[in-house]
Amino acid sequence: MKALIKQITQTEAQSSALILRITLALVLWPHGAQLFAGLFGGYGFSASMGYFEQQGLSAIISFLTIFLLFFGTIFILLGLFTRPFAIAFIILFLGMIIKVHLPSGFFMNWMGNQKGEGFEYHLLLIGIAVTLLIMGGGKLSIDRFISREEKVS
């Protein structure tokens with residue numbers, strides 16, 4: 001178990017990983033706060049669950065989406081288990097592209113003249129998550145603290 005935790009948390013003190021963690025968290029946490037707590041004009045947990053289920057998502061996928069967007073971004077911001085949460089975000093955004101955004105094409109609906117939103121935003125977030133998967137939490141991450149503690153033991 002220690003070897004697995006060491007492998008998951010191993011990271012160098014890279015400032016770029018810190019910047020990517022902060023960026024991902026700043027962009028996604030407000031969406032999670034809308035879904036989970038009704039902040040920023042959101043509808044809160046119960047209404048969000050109902051909406052996702054009306055869209056054909058199972059209760060477990062709906063719950064995991066809300067959990068990941070609210071709590072997962074906090075874990076990413078802290079750099080705690082960055083790699084597993086990065087994988088979860090990659091899966092989430094690939095699912096969003098396939099299930100919702102692919103029919104609308106690549107571009108966001110900037111002019112309001114297409115039926116839905118494209119997937120360019122999701123590709124950017126996937127790129128950030130893939131980079132965090134490769135790099136780990138980087139500078140000022142709890143992962144770095146844990147992996148350094150594992151070296152001492």
Side-chain angles (χ1 to χ4, degrees), residues 4-5 7-12 14-144 146:
L4 177 61
I5 291 175
Q7 186 176 6
I8 289 170
T9 60
Q10 184 62 44
T11 187
E12 299 299 320
Q14 300 158 320
S15 297
S16 53
L18 171 63
I19 292 166
L20 290 171
R21 286 188 0 249
I22 291 169
T23 301
L24 187 75
L26 284 176
V27 169
L28 290 181
W29 187 82
H31 294 286
Q34 287 178 316
L35 297 172
F36 182 74
L39 300 175
F40 308 110
Y43 297 108
F45 183 78
S46 295
S48 297
M49 285 289 292
Y51 172 76
F52 286 145
E53 289 176 26
Q54 282 180 344
Q55 300 305 308
L57 296 177
S58 68
I60 188 71
I61 296 298
S62 300
F63 173 80
L64 289 173
T65 298
I66 295 167
F67 178 89
L68 183 60
L69 286 171
F70 187 79
F71 293 104
T73 52
I74 295 169
F75 276 71
I76 288 280
L77 180 64
L78 296 173
L80 178 58
F81 298 121
T82 304
R83 286 187 173 95
F85 280 102
I87 291 169
F89 278 114
I90 293 165
I91 293 167
L92 175 66
F93 285 102
L94 284 172
M96 287 178 175
I97 288 171
I98 292 165
K99 179 103 173 119
V100 178
H101 300 282
L102 195 59
S104 298
F106 178 76
F107 294 102
M108 298 293 293
N109 191 8
W110 296 109
M111 303 301 173
N113 57 6
Q114 60 191 57
K115 187 172 180 183
E117 295 288 348
F119 57 87
E120 63 181 310
Y121 165 80
H122 302 81
L123 287 180
L124 289 171
L125 293 169
I126 289 170
I128 291 172
V130 167
T131 305
L132 289 172
L133 175 63
I134 294 166
M135 295 172 71
K139 190 173 189 173
L140 301 177
S141 68
I142 295 174
D143 286 347
R144 181 152 170 75
I146 291 170

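Counting from 1, the numbers follow the sequence of the chain as shown.
In terms of heavy-atom proximity, H31 sits nearest to Y121 at NE2-OH, 3.6 Å. What you find for I76 and A86 is that their closest heavy atoms are CD1-N, 4.1 Å. Between A17 and M135, the shortest heavy-atom contact is N-CE, 3.6 Å. Nearest heavy-atom pair, L26 versus P30, reported as atom, atom and distance to 0.1 Å: O-CD, 3.2 Å. Nearest approach of E120 to W110, heavy atoms of both residues: OE2-NE1, 3.5 Å. Taking all atoms of both residues into account, the shortest heavy-atom contact from F63 to M49 is N-SD, 3.5 Å.
The backbone N or O of G79 sits nowhere less than 3.5 Å from a side-chain atom of R144 that would complete a donor-acceptor pair.
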Worksheet item: Hey, mind stepping through T9 and F81 against side-chain contact (heavy atoms from CB on, under 4.5 Å) and telling me if it holds?
Response: CA-CA 6 Å; T9 60; F81 298 121; 4.1 Å; yes

Worksheet entry | Pair M96-H101, side-chain contact (heavy atoms from CB on, under 4.5 Å): steps then yes or no | CA-CA 6 Å; M96 287 178 175; H101 300 282; 4.2 Å; yes

Practice prompt. Check the pair V100 / Q55 against side-chain contact (heavy atoms from CB on, under 4.5 Å), numbers first and verdict last.
Written response: CA-CA 10 Å; V100 178; Q55 300 305 308; over 6 Å; no

Worksheet item: Under the side-chain contact (heavy atoms from CB on, under 4.5 Å) criterion, do S104 and E117 qualify, and how do the steps go?
Response: CA-CA 6 Å; S104 298; E117 295 288 348; 5.8 Å; no

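A heavy-atom distance below 4.5 Å is found between the side chains of I126 and I97. Within the 4.5 Å cutoff, the side chain of I146 has heavy atoms near those of the L80 side chain. Side-chain contact between L123 and F106 is present, with heavy atoms from C-beta onward closer than 4.5 Å. Contact check for R83 versus L133: side-chain heavy atoms found under the 4.5 Å cut-off. In this structure, T11 and S141 have side chains that are in contact, with non-hydrogen atoms separated by less than 4.5 Å. Proximity of F67 to F45: side-chain heavy atoms (C-beta onward) are nowhere separated by under 4.5 Å. Between L69 and L92, some side-chain heavy-atom pair lies under the 4.5 Å cut-off.
In the model, T82 has a side-chain atom that pairs as donor or acceptor with a side-chain atom of D143 under 3.5 Å.
The distance from atom CD1 of I61 to atom CD1 of I66, rounded to the nearest 0.5 Å, is 12.0 Å. In this structure, NZ in K139 is found 9.5 Å from CD1 in I19, a value given to the nearest 0.5 Å. Atom CG of L77 and atom CG of L140 lie 10.5 Å apart (nearest 0.5 Å). Interatomic distance, L78 CG to R21 CZ, rounded to the nearest 0.5 Å: 7.5 Å. With values rounded to the nearest 0.5 angstrom, Q114 atom CD is found 9.0 Å from M108 atom CE.
At most 12 non-hydrogen atoms from other residues, nucleotides or ligands lie less than 6.0 angstrom from CD of Q7.
Residues satisfying the ring pair (Phe, Tyr, Trp, His ring centres under 6.0 Å) criterion with F89, sequence neighbours excluded, are absent altogether.
Between W29 and F40, the angle of the ring planes goes over 60°, which puts this pair in the perpendicular group of the 30/60° scheme. The aromatic rings of F71 and F36 stand perpendicular to each other, their planes meeting at an angle above 60°, with 30° marking the opposite boundary.
The one candidate from L125, T131, T73 that meets the side-chain contact (heavy atoms from CB on, under 4.5 Å) condition with L24 is L125. A side-chain contact (heavy atoms from CB on, under 4.5 Å) with L35 is found for exactly one of F52, Y51, F70, namely F52.
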